[in-house]
Every structure is written in C-alpha cells, then in structure tokens.
Amino acid sequence: MTTDFSFHLLGRDGAARTGEIRMPRGVIRTPAFMPVGTAATVKGMYPEQVKALGADVVLGNTYHLMLRPGAERIAGLGGLHKFMNWPHPILTDSGGFQVMSLSQLRKLTEEGVTFQSHIDGSRHMLSPERSVEIQNLLGSDIVMQLDECVSLPCEDKVAEKAMRLSLRWAERCKTAFGNPTGRALFGIVQGGAVPALRVESAKSLVEMDLKGYAIGGLAVGEPQDVMLAMIEVVEPHLPQDRPRYLMGVGTPDDLVEAVSRGVDMFDCVMPTRAGRHGQIFTRFGRMNLRNAKHADDPRPIDPQSSCEAANSYARAYLHHLVKADEMLGKMLLTWVNLAYYQELMAGLRAAIAEGRLKDFAAETKAAWARGEE
Ligand SMILES: NCc1cc(CSc2ccccc2)c2nc(N)[nH]c(=O)c2c1
C-alpha cells in the first residue's frame with residue numbers, strides 16, 4: 001500500500017504543535033530541524049551519521065545540483081536519494097533564493113529568472129515549470145515553489161511586487177506539479193515586513209490548497225523581533241492541519257521562539273557552517289574552540305551528550321584541530337552542532353507533548369545564559 005503524504009498533530013501547547021509528517025520514505029517528527037545538504041552532501045557528515053543523530057529529512061538544493069552535476073544526470077543515476085545514499089525524505093528548495101544570492105548577471109522576468117552559473121559562467125534559466133521539473137528529476141519528496149525573496153529592509157512596493165510574482169509562480173508550480181501520490185508541493189509566504197502583504201500572501205496560497213506552507217523572506221537581515229512579529233501575523237491565516245516551514249532559520253534561540261509561535265519545520269546552514277569554523281552550540285550556549293582558553297583544557301565539550309564528538313574528545317584536541325585547520329576538526333564540530341540541534345528539537349517535541357513548553361524554553365535559555373557549569 002503506497003502511503004500518501006499526511007500530517008498528524010500529536011500534541012499542542014499554546015500555539016506550538018508537535019506532530020508527524022508521514023511519507024512513503026519515512027516519518028518526519030515535528031518540530032523538525034532539517035540539515036542542509038546543498039551539493040548532495042551534509043558537509044563533513046556520513047549520511048548514516050546524520051540519520052543516527054535524529055534527522056528525519058535533509059535538504060537538497062535545486063540551484064547547486066542543476067549546475068553540478070545536473071538534474072538529468074542525477075535522474076539517470078537513479079535520483080538524489082540513491083545518488084547520496086539517503087533513503088529517507090528529502091526537501092528541495094526551488095533555486096530562486098540561491099540564484100538571487102549566488103549567481104551573476106541574473107535577469108528576472110514574469111517567465112522566470114535567467115542567470116550565469118557562479119561555477120563556470122554558463123547560462124541557465126529557472127521558471128516555475130523548470131524548477132518543478134528539476135525537483136521531480138531529483139526525486140524530491142517535498143518540492144518548494146519558485147519564489148522571489150527580497151532582502152530587508154526594502155520599500156513596501158518592492159515587497160509587494162515580489163509577493164505578487166511569487167503568488168503567480170505558485171499557481172504555475174501547482175499546475176506543473178500535478179497531484180503525485182506521496183509527494184508534496186509547499187507554497188512560500190512572502191511580503192517582506194509588511195503585515196497586510198504577509199496576510200494577503202498567506203490567504204492566497206491557502207486558497208490553492210497546498211500540502212504545506214513555508215514562511216520565506218525572513219532571516220534576511222531583519223532583527224529577530226521583526227521576524228517573530230511576521231510569524232505572528234502569518235500564523236493565524238495558515239491551516240492548523242498543514243505543516244509550517246520557516247526557511248533558513250536559525251539559531252537555537254530562533255528555533256525555540258518560532259516553535260512557540262506555531263512553526264513546525266526549520267533548516268539553516270548555521271550548525272554545519274559554524275562547526276566548520278570552530279563555533280559550536282551546546283546546552284551551555286555558544287563556544288568558540290579557536291579561543292586560546294581551550295588550549296590546555298582536557299575536558300570534553302559535554303560529558304552528558306549522547307554525541308561521541310561532544311563526550312569523547314578533549315577541548316584541547318579540538319582546539320588544536322581547529323587551529324591546524326584539520327578536516328577532522330570540521331567533521332567533529334559539525335557533528336557536535338547537528339547533534340545539539342536534534343537534541344533541542346527532541347526536547348521541544350517532548351515539552352510540547354507534555355504541556356511544559358514554557359518551562360522548557362525558560363530553562364533552556366537560562367542554561368545558555370549561565371554558560372559553562
Ligand atoms: N534566509 C531565509 C531564506 C532561505 C531560503 C533557502 S532555504 C533552503 C536552502 C537550501 C536547501 C533547501 C532550502 C529561502 N528559500 C526560498 N525559496 N525562499 C525564501 O524566501 C528563502 C529565505
């Protein structure tokens with residue numbers, strides 16, 4: 001029996017929810033943090049390790065994979081799951097955000113966006129239809145609509161133009177995607193920091209009856225309070241029985257605050273990118289292992305962590321690896337960060353299920369503020 005895509009709410013605590021997204025390739029426990037696997041790899045991690053630390057889904061990137069090695073090539077090799085040895089759910093972004101942030105000589109029209117590859121200068125086009133086609137070729141389980149994300153601050157009319165274009169592109173993506181069993185197309189709410197635009201975007205997308213709704217265009221330069229205010233504006237207009245995904249967010253504090261306001265899914269390069277640079281996230285808050293104060297410290301990062309990278313290696317050793325720019329340092333600290341993010345999400349899921357989210361959030365934040373025990 002083929003499982004279709006379904007979302008089940010298992011518990012609520014205020015606006016916060018815990019649940020499960022059930023798909024043919026597996027179950028995504030929410031609230032969920034989704035490690036970013038841009039070029040068909042979660043940098044520095046074996047896929048088995050990513051699964052073992054609790055990630056149910058990873059992210060792939062249409063922009064990067066269409067440029068290298070190519071969507072048709074990955075399809076010819078059996079699709080992205082087989083290519084990267086990740087048999088569990090994969091969510092792919094539509095590519096528009098990365099085009100605007102990475103490529104050169106880009107031209108955006110009603111049809112789509114043309115651009116030059118940041119890798120070899122070759123010219124490419126992404127339309128709503130081509131983005132859906134590429135994500136289908138990759139075999140993506142959750143497909144994101146093509147959208148236009150504006151950075152903040154920006155003029156209201158700029159945000160309005162991008163929001164309305166994104167709505168027209170959502171319609172075209174829905175037509176191109178069709179209704180395949182077991183796979184989902186998510187819309188992306190845009191509208192900058194303008195409440196009325198955010199509400200119009202959410203209401204229009206909900207009328208399209210999509211399987212899930214992302215909140216885009218946040219964590220693009222605005223302060224955290226503006227981001228949280230936009231979540232509060234949008235949330236009441238999103239259906240309770242569909243997942244909500246806040247794109248490209250964020251720090252552990254962002255996750256706690258956004259979960260408390262009703263967000264179910266997150267992705268962010270922060271834990272992997274910061275780990276590669278020696279910056280780690282722990283239940284005592286942030287640490288920079290480049291700092292000389294760790295040079296003679298024989299203690300592991302956190303003896304109580306279930307992650308071997310956090311409980312079995314001396315800070316002095318990790319400091320040495322970071323200073324020497326050793327590959328193993330990047331790998332171990334990426335592992336530390338992803339393990340902590342998953343530990344935090346598991347804690348949030350349990351706290352919501354037991355109706356104690358407020359206490360969990362307060363205790364977690366207090367531990368970050370206290371720092372090292
Ligand atoms: N920083 C915010 C952010 C991040 C991403 C990228 S999320 C991502 C990255 C890699 C792989 C999968 C998803 C976005 N993607 C889209 N389509 N629209 C946005 O408004 C947006 C905003």
Side-chain angles (χ1 to χ4, degrees), residues 28 32-43 50 55 57-67 71 80 84 86 89-103 108 112-113 126-128 130-132 134-135 138 140-152 154 158-159 161-163 165-167 169-170 173 184-194 197-198 201-202 205 210 212-224 226-228 230-231 234 243-251 254-255 258 263 265-273:
I28 302 173
F33 180 79
M34 308 181 285
V36 177
T38 295
T41 159
V42 178
K43 294 184 182 351
V50 174
V57 48
V58 299
L59 268 49
N61 214 312
T62 292
Y63 172 79
H64 293 81
L65 295 173
M66 71 185 280
L67 298 182
L80 185 56
M84 67 186 285
W86 176 264
I90 293 177
L91 180 152
T92 47
D93 198 8
S94 46
F97 180 79
Q98 290 79 21
V99 166
M100 302 315 275
S101 49
L102 288 173
S103 69
L108 190 141
V113 56
L126 257 188
S127 62
R130 177 61 180 152
S131 177
V132 167
I134 290 172
Q135 297 179 74
L138 297 176
S140 174
D141 302 287
I142 300 178
V143 167
M144 300 308 294
Q145 73 153 94
L146 186 67
D147 62 328
E148 186 193 354
C149 169
V150 294
S151 54
L152 292 177
C154 78
V158 169
K161 190 166 176 283
M163 184 275 282
L165 175 65
S166 297
L167 284 178
W169 282 0
C173 286
L185 171 69
F186 279 22
I188 305 178
V189 176
Q190 290 292 351
V194 183
L197 295 177
R198 285 279 173 184
S201 179
L205 285 171
L210 301 170
Y213 300 94
I215 304 175
L218 293 176
V220 288
E222 80 286 0
Q224 187 196 54
V226 171
M227 177 179 80
L228 297 178
M230 286 305 106
I231 296 169
V234 167
R244 296 89 175 264
Y245 164 26
L246 181 57
M247 302 189 86
V249 174
T251 66
D254 289 337
L255 298 182
V263 177
M265 301 161 74
F266 302 86
D267 86 276
C268 191
V269 293
M270 191 170 286
T272 40
R273 185 175 294 167

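Here, residue 1 is the first one in the sequence, and each next residue gets the next number. Counting starts at 1 for both ligands and their atoms, following the listed order.
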I'd like a table of donor-acceptor pairs (distance under 3.5 Å, sequence neighbours excluded) in which one partner is a side-chain atom from residues 144-152, with atom names and distances.
residue, atom, partner, partner atom, Å
Gln145, OE1, Ile188, N, 3.0
Gln145, NE2, Ser166, O, 3.0
Asp147, OD2, Gln190, NE2, 2.8

May I have the list of side-chain donor-acceptor pairs in residues 213-223 shorter than 3.5 Å, sequence neighbours left out?
residue, atom, partner, partner atom, Å
Tyr213, OH, Leu210, N, 2.9
Tyr213, OH, Leu210, O, 3.3
Glu222, OE1, Ala219, N, 3.2
Glu222, OE1, Val220, N, 2.8
Glu222, OE2, Ala219, N, 2.5

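Judged by distance alone, with hydrogens and angles left aside, the side-chain atoms of Ser101 form a donor-acceptor pair with the main-chain N or O of Phe97 at under 3.5 Å. Of the possible donor and acceptor atoms, none in the side chain of Asp267 sits under 3.5 Å from a partner among the backbone N and O of Met247. Side-chain atoms of Thr272 come within 3.5 Å of backbone N or O of Val269 as a donor-acceptor pair. For Arg198 (side chain) and Val189 (main-chain N/O), a donor-acceptor pair under 3.5 Å exists by modelled atom type.
Listed by atom number, the atoms of ligand 1 under 4.0 Å from Leu59 heavy atoms are 11 (C), 12 (C), 13 (C). Within the listing of ligand 1, atoms 19 (C), 20 (O) sit less than 4.0 angstrom from a heavy atom of Cys149. Remark: ligand 1 atoms within the under-4.0 Å shell around heavy atoms of Gln98 are 6 (C), 9 (C), 10 (C). The distance from ligand 1 to the heavy atoms of Ser94 drops below 4.0 Å at these ligand atoms: 17 (N). For ligand 1, the atoms closer than 4.0 angstrom to any heavy atom of Gly60 are 11 (C), 12 (C). Heavy-atom proximity to Tyr245, at under 4.0 Å, picks out these atoms of ligand 1: 7 (S), 13 (C). Atoms of ligand 1 found under 4.0 Å from any heavy atom of Asp147, numbered from 1 in the order shown, are 16 (C), 17 (N), 18 (N), 19 (C), 20 (O).
When only interatomic distances are considered, the shortest N/O to N/O separation between Ala219 and ligand 1 falls below 3.5 Å. An N or O contact shorter than 3.5 Å is missing between Thr92 and ligand 1 by distance. The N/O atoms of Gln190, backbone and side chain alike, include one that comes under 3.5 Å of an N/O atom in ligand 1. Where the criterion is an N or O separation shorter than 3.5 Å, residue side chain and backbone included, Asp93 meets it with respect to ligand 1. Residue contacts with ligand 1: Ile188 is placed with no nitrogen or oxygen under 3.5 Å of a nitrogen or oxygen of the ligand (distance criterion only).
For atom 20 (O) of ligand 1, the closest heavy atom belonging to the protein is Gly217 N, 2.7 Å. Asn61 ND2, 3.2 Å is the protein heavy atom nearest to atom 10 (C) of ligand 1. Of the protein's non-hydrogen atoms, Phe97 CD1, 3.5 Å is the one closest to atom 21 (C) of ligand 1.
Under a 4.0 angstrom heavy-atom cut-off, Met144 registers as lying outside contact with ligand 1.
What you find for Ala71 and Leu138 is that their closest heavy atoms are CA-CD2, 4.3 Å. Closest of all the heavy-atom pairs between Phe266 and Ala258 is CE2-CB, 3.5 Å. Listed here is the closest heavy atom pair of Met84 and Val58: CE-CG2, 4.1 Å. Between Leu102 and Tyr63, the shortest heavy-atom distance links the atoms CD1-CE2, 3.6 Å. Of all non-hydrogen atoms in Val50 and Pro35, the two that sit nearest each other are CG1-CG, 4.1 Å.
No part of Tyr63 comes within 4.0 Å of ligand 1, judged by heavy-atom distances. At a heavy-atom cutoff of 4.0 Å, ligand 1 is contacted by no atom of Ala214, backbone or side chain. Neither the backbone nor the side chain of Thr38 comes within 4.0 Å of ligand 1, counting heavy atoms alone.
A donor atom on one side chain and an acceptor atom on the other are found under 3.5 Å apart for Thr92 and Ser140.
Here the shortest heavy-atom distance to atom 2 (C) of ligand 1, taken over Leu218, Val249, Asp267, Thr62, belongs to Leu218.
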